[in-house]
Amino acid sequence: MSDRLASARAATAHQRQWFADLRAALSDGGHFAFVNADAPHEVLRTMEIPYVVNQWWASILTAKGRTQDCLALLREQGYPDYIEQYSAIALAALFDPDPGSAPWGGLPRPSIVIGETSGDASRKIFDVWSEQPDITFYPMESAAANDVPVRWWELMPRRWEEAVGTDRLDLMVDELRGLIRFLELSTGRPFRETRFREVMALANEQQEWNRRSRDLIARARPCPLAVTDSIPSVMVPQWHRGTVWARDAARMFHDEVAERVSAGASVCEQERARLMWIGRGLWFDLDFYRRFQESHGAVFVWSMYLAIAADGYLRYGDDPLRALAARFAAFSDQLYTPPWSAEWYVKEARLHGVDGVVHLVSDDPRGSYFTTSALKAAGIPVLELHADNVDARGTDETSITRTVAEWLDHVVLAGD
């Protein structure tokens, strides 16, 4: 049962059709938002404002081999091509003399861009968008707190006030109210709380299915599917949170996983090692994740995409706006800020019974030292790969493959 999941194929097909429909709907103009992954998409969903996610579009550009073209266009405009490439390469759409040649017909020109100001480079990337005619940038704050909750993943679904902190939530709620006012004034579309509650409920249902899927995969021996299937099956619906289709797509993925587990399916017949991939997807080399199955019986059983869907999004409560604030006020902490992130990665490594971790460390390390240290302290072997997930310059596929193979031979599988 090594064929690609039907849920992965269906999600990809849906995204292609949705994007084509979006381009057609915007052919005569209209409001359209370009947003970061950590922006409050649920507000846009409630107001029926279409949006494209920056990081998803970057993954498409990279998978289609267009990263270097995009970086060249940025250089020609005098912008650096070596900082936050994952967030920056979509900017090339503003300067491309032939935008229709881009993958999937090219990115429509947004009227609104939304992103969290989590660093100097991120803010400046969105400032460039806002310097263009008829594009407005709405920035979201990135707050921090001294107190760090223990086992935050157990608190987040219902005890999020305790986990995130009242001050951070107050700030985020005020920002969400400001965003809603801005969108109502700029688009003329109303924000209806009844509809908002529906969106939040559907999003929670979706993540409950993802949590069940994560738990099935964590317990399954052998691993029933490849992470290259789980990523589109989880992340395409994630960009459609708050819709019936996304909820049903998450359920379809779960049911396929459950069927494979029940049948004893294996993505690798001679599974010898279970691996964890920490970091963003290696979009320029997706074959990487399957490369060591035949040679070493090593299977990547974990990526952050399903795991954060399971632990990082569920938010219940009587105040839906405050619950949404809780979903995003500490989102980056969950993935990148120690000890939030480091303790979570150790928990997930143990839950999935991994034999080793491959940790992608980019130029923007985002707490990588502490993640690696925490895993090693827990007795879990870690191999750090220093590379950018979209920019292959300076990255030698042969060298990376050899490095991982040697680590598997001499560390992970040394006692076999």
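Please read these numbers as outputs of a predicted model, since none were measured by experiment.
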Give the ring-plane orientation class for [X] versus [Y], where under 30° counts as parallel, over 60° as perpendicular and anything between as tilted.
X    : Y    : value
H41  : F328 : tilted
W340 : W152 : tilted
Y305 : W283 : tilted

When you compare the side chains of [X] and [Y], does any donor N or O come within less than 3.5 Å of an acceptor on the partner?
X    : Y    : answer
D391 : Q68  : yes
E384 : H386 : yes
N204 : R327 : yes

Would you be so kind as to tabulate the donor-acceptor pairs closer than 3.5 Å made by side chains of residues 50-58, with sequence neighbours excluded?
unit_1, atom_1, unit_2, atom_2, d
Y51, OH, R45, NH2, 2.8
Y51, OH, W239, O, 2.9
N54, ND2, N36, OD1, 3.1
N54, ND2, S87, O, 3.1
Q55, OE1, A37, N, 2.9
Q55, NE2, N36, OD1, 2.9

- prompt: Is the H240-W18 ring centre distance short of 6.0 angstrom?
  reply: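 When the ring centroids of H240 and W18 are compared, they turn out to be within the sub-6.0 Å range.
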
- prompt: When the ring centroid of W129 is compared with that of F34, is the distance short of 6.0 Å?
  reply: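 Ring centroids of W129 and F34 are less than 6.0 Å from each other.
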
field: Non-neighbouring partners of W160 that pass ring-ring contact (aromatic ring centres under 6.0 Å, His included), sequence neighbours left out
entry: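 None.
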
Is [X] salt-bridged to [Y], going by a charged N under 4.0 Å from an acidic O?
X    : Y    : value
R290 : D287 : no
D396 : R402 : no
E198 : R192 : no

Steps toward side-chain contact (heavy atoms from CB on, under 4.5 Å) verdict (H14, R9): CA-CA 9 Å; H14 177 88; R9 296 195 305 268; over 6 Å; no

task: Go through the steps to decide whether D333 and R168 satisfy the test salt bridge (Lys or Arg N to Asp or Glu O under 4.0 Å), and finish with yes or no.
output: CA-CA 12 Å; D333 291 342; R168 295 180 82 179; 2.9 Å; yes

Enumerate donor-acceptor pairs with a distance under 3.5 Å from any side-chain N or O in residues 178-186 to protein atoms, sequence neighbours excluded.
unit_1, atom_1, unit_2, atom_2, d
E184, OE2, F191, N, 2.9
S186, OG, F182, O, 2.8

